[in-house]
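Have a look at the structure below, then the notes.
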Amino acid sequence: MEFGKLMGNEEMKRVRDAFYYMDEDANGTPRLFFDNAGGSYRLKKAEERFRKVDMIPDCSERNHEMALYLQSLEEAGKDDIRTIFNVKGGAIVTSLTASQAMFQLVGAVAENIPGTNIVTTVLEHPSAFDAAGYYADQTGKELRVAKSNPDTGGVDAAEITALIDQDTCLLSVMYSSNISGAIFDIPGIIKAAKAIKPDLYIIVDAVQHTPHGVMDFSQLDVDAVTFAPYKFFGVRGIGAAYISDRFSALPHHKLAGKKKTEWELGSPAPAQYAMITEIVNYVCSLAACQEKKGRRELFVEGMTKIMLQERALLYLMLEGTEQMQGLRHMEGVHVFMDNPDLEQRDLIIGIGFDHIEYAAAVKEYEKRSVIVYERVASSLYSKRMLESFGLDGAIRVSPLHCNSKEEIERFLAVTKEIAAL
């Protein structure tokens with residue numbers, strides 16, 4: 001569905017009731033939160049499940065009843081990470097953040113796999129880009145960086161694969177941009193890269209895309225995929241990655257007595273795994289019919305509904321409604337990196353105003369109880385990406401599937417008011 005499909009009123013009520021602080025902040029002040037690319041609305045059941053399990057004092061590395069229960073939560077959470085990516089086997093790697101996990105994974109490849117170069121893209125999050133740069137320096141490898149496409153907000157597959165050769169030891173690439181929302185052609189990139197070098201190691205940063213769309217790595221020869229539960233309706237304090245069987249056998253920090261494919265270091269946190277299971281439970285609950293369907297099938301159906309809802313919201317923001325002009329048609333407002341193919345975009349929009357700079361505009365939004373975020377070239381999190389697009393900044397607007405048509409109209413009304421200042 002090119003322009004998406006909005007959820008019905010009853011379903012939207014159930015969806016919105018599933019999250020905290022949809023209509024107000026933690027102090028009870030009414031607001032519209034459109035900065036979900038920096039985090040996400042928190043799923044009530046995920047938060048509650050985390051707290052309930054985290055209160056249990058037992059160590060899961062024992063063999064009594066409660067310890068075995070905690071072990072079952074950990075295994076279920078690991079299985080649900082595999083459900084998200086549609087993968088089997090391999091190992092699950094966790095850290096305090098997805099950024100820490102990314103540095104660990106990049107280092108394992110760069111330090112142990114022969115090659116003279118590492119390939120990545122200019123749009124990568126600093127955790128991935130800087131990890132590639134750091135280990136390229138440490139190991140004496142060349143860092144090759146694919147340039148962006150300012151029209152689509154992404155990186156063309158051909159730009160990436162043109163940099164790969166028989167001496168490339170690692171390709172590190174994101175699934176979608178946290179600046180523009182552009183979705184990369186990951187299946188095409190992986191297949192083309194493997195055609196050049198079949199044993200190439202590939203790490204995919206899926207932190208931004210995981211809450212927005214279906215991913216299927218079952219037929220793709222990928223070695224690692226990272227995500228951050230706090231950007232997928234969950235809690236902070238954990239970053240997670242799936243790694244393939246061959247990746248899990250690479251040298252890495254571990255206790256000497258553990259098997260060589262074990263990446264868990266120290267006592268696990270069952271509450272974090274239970275939280276991940278609640279996220280997957282929620283997505284599965286959105287499927288129309290729950291009977292005689294496997295968990296992955298339910299998850300795909302639920303994520304497809306989320307994707308179509310968000311695409312419909314994106315279309316309304318760009319083109320408007322019967323009540324309000326869209327951003328594309330609003331005088332004094334510019335939509336950056338505006339790929340007309342909405343199927344290649346997550347629900348993130350970068351905009352600017354004719355007569356007000358980015359940080360000041362964000363303050364004007366806040367005065368009107370709307371939270372958005374400025375991405376400016378002076379920021380270490382934005383400079384490289386923005387300059388690749390020829391921009392000195394952008395106001396990033398990032399709703400979620402639990403936002404409504406009425407909230408989009410409210411945002412558009414506020415935007416028009418700011419444009420007229």
request  = Check step by step if ring-ring contact (aromatic ring centres under 6.0 Å, His included) holds for Phe19 and Phe233.
outcome  = CA-CA 8 Å; Phe19 292 89; Phe233 327 142; 5.3 Å; yes
task = Determine whether the side chains of Ser72 and Glu75 contain a donor N or O and an acceptor N or O closer than 3.5 Å.
result = no
Carboxylate-amine/guanidinium proximity below 4.0 Å for Glu264 and Lys78 = yes
inquiry  = Taking the ring of Phe34 and the ring of Phe411, is the distance between their centroids below 6.0 Å?
reply    = yes
query = Hey, does Leu313 have a side-chain heavy atom less than 4.5 Å from the side chain of Leu347?
reply = yes
inquiry  = Any salt bridge linking Asp221 with Lys194? Criterion: basic side-chain nitrogen under 4.0 Å from a carboxylate oxygen.
reply    = yes
task = Would you confirm whether the ring centroid of His212 sits within less than 6.0 angstrom of the ring centroid of Tyr175?
result = no
key: Lys/Arg-Asp/Glu bridge criterion (N-O < 4.0 Å) met for Arg296, Asp80   = no
Beyond-backbone contact of Lys305 with Glu11, side-chain heavy atoms, under 4.5 angstrom = yes
task = Determine, for Tyr358 and Arg375, whether the Lys NZ or Arg CZ falls below 6.0 Å from the six-membered ring centre while staying within 45 degrees of the axis.
result = no
query = Between Ser398 and Asn36, do the side chains contain an N or O donor and an N or O acceptor separated by less than 3.5 Å?
reply = no
query = Could you walk me through whether Asp216 and Ser218 pass the side chain to side chain donor-acceptor pair (under 3.5 Å) check?
reply = CA-CA 6 Å; Asp216 186 352; Ser218 63; 2.6 Å; yes
request  = Assign the ring pair His252 / Trp263 to parallel, tilted or perpendicular, where the plane angle (0 to 90°) is split at 30° and 60°.
outcome  = parallel
message = Has Glu357 got a side-chain atom pairing as donor or acceptor with Ala360's backbone, closer than 3.5 angstrom?
response = yes
request  = May I ask you to decide whether Glu407 forms a salt bridge with Arg16, counting only side-chain N to carboxylate O separations under 4.0 Å?
outcome  = yes
ask   = In terms of heavy-atom contacts, does CZ of Phe103 have more than 12 from other residues, nucleotides or ligands at under 6.0 Å?
value = yes
remark   = Thr120 and Glu124 have their tightest heavy-atom pair at OG1-CG, 3.0 Å
ask   = Does any non-hydrogen side-chain atom of Met215 lie less than 4.5 Å from one of Asn86?
value = no
request  = Could you tell me whether the side chain of Asp205 reaches within less than 4.5 Å of the side chain of His125, counting heavy atoms only?
outcome  = yes
key: Euclidean distance, Tyr41 OH relative to Asp35 CG, rounded to 0.5 Å   = 10.0 Å
Ionic contact status for Arg396 with Glu374, cut-off 4.0 Å = no
task = Measure from NZ or CZ of Arg246 to the centre of the six-membered ring of Tyr201, then state whether that distance is under 6.0 Å and the direction lies within 45° of the axis.
result = yes
task = Check Cys169 against Gly115 and note the closest heavy-atom contact, atom names and distance.
result = CB-CA, 4.1 Å
message = Quick test of your reading of the model: are Glu48 and Lys52 salt-bridged, counting only N-O distances below 4.0 Å?
response = no
request  = Output yes when Arg368 and Glu364 qualify as a salt bridge under the 4.0 Å nitrogen-oxygen rule, no when they do not.
outcome  = yes
task = Can you measure from CD1 (Ile408) to CG (Leu316) and round to the nearest 0.5 angstrom?
result = 7.0 Å
task = Say whether Glu61 and Ser267, considering side chains only, have a donor N or O and an acceptor N or O under 3.5 Å apart.
result = yes
message = Between His209 and Asp346, do the side chains contain a donor N or O and an acceptor N or O under 3.5 Å apart?
response = yes
Minimum heavy-atom distance between Leu170 and Leu200, given as atom pair plus value = N-CD1, 3.8 Å
query = Would you say the side chain of Ile113 lies within less than 4.5 Å of the side chain of Leu250, judging by non-hydrogen atoms?
reply = yes
request  = Would you give the length of the straight line joining atom CG of Asp165 to atom CZ of Arg144, rounded to the nearest 0.5 angstrom?
outcome  = 4.5 Å
Phe50 backbone acceptor or donor facing Asp54 side chain under 3.5 Å = no
query = Taking atom CD1 of Ile164 and atom CD1 of Ile118, what is their separation to the nearest 0.5 Å?
reply = 12.5 Å
request  = Considering only NZ, NE, NH1 and NH2 on the basic side and carboxylate oxygens on the acidic side, decide whether Glu301 and Lys293 come within less than 4.0 Å.
outcome  = yes
request  = Give a yes/no verdict on a cation-pi contact between Arg42 and Tyr20, requiring under 6.0 Å between NZ or CZ and the six-membered ring centre and an angle within 45° of the axis.
outcome  = no
inquiry  = Between Ser176 and Gln208, is there a side-chain donor-acceptor contact under 3.5 Å, judged purely by atom types and distance?
reply    = no
query = Is the closest side-chain heavy-atom distance between Lys45 and Asn281 below 4.5 Å?
reply = no
ask   = Minimum heavy-atom separation for Asp245 to Gly89, with atom names?
value = OD1-C, 4.0 Å
inquiry  = Less than 6.0 angstrom separating the ring centers of Phe85 and Phe227, yes or no?
reply    = yes
query = Are Asp185 and Lys191 ion-paired here, with the side-chain N under 4.0 Å from a carboxylate O?
reply = no
request  = Would you give the length of the straight line joining atom OG1 of Thr277 to atom CG of Leu73, rounded to the nearest 0.5 angstrom?
outcome  = 7.5 Å
inquiry  = Within this structure, what is the OH-CD distance for the pair Tyr315 and Glu2, rounded to the nearest 0.5 Å?
reply    = 8.5 Å
Minimum-distance pair of heavy atoms, taken over all atoms of Ser95 and Ala101 = CB-N, 3.9 Å
key: side-chain contact (heavy atoms from CB on, under 4.5 Å), paired with Ser388, selected from Ile179, Leu123, Val145   = Leu123
message = Looking at Asp167 and Lys197, is there a salt bridge between them, counting it only when a charged N and a carboxylate O are closer than 4.0 Å?
response = no
ask   = Charged N to carboxylate O below 4.0 Å: is that the case for Lys44 and Glu47?
value = no
message = Measuring only between side-chain heavy atoms, which start at C-beta, is Gln325 closer than 4.5 Å to Lys416?
response = yes
key: Heavy-atom closest pair, residues Ala241 and Leu105   = CB-CD1, 3.8 Å
inquiry  = A side-chain contact here means heavy atoms from C-beta on lying under 4.5 Å apart; do Phe232 and Ile276 qualify?
reply    = no
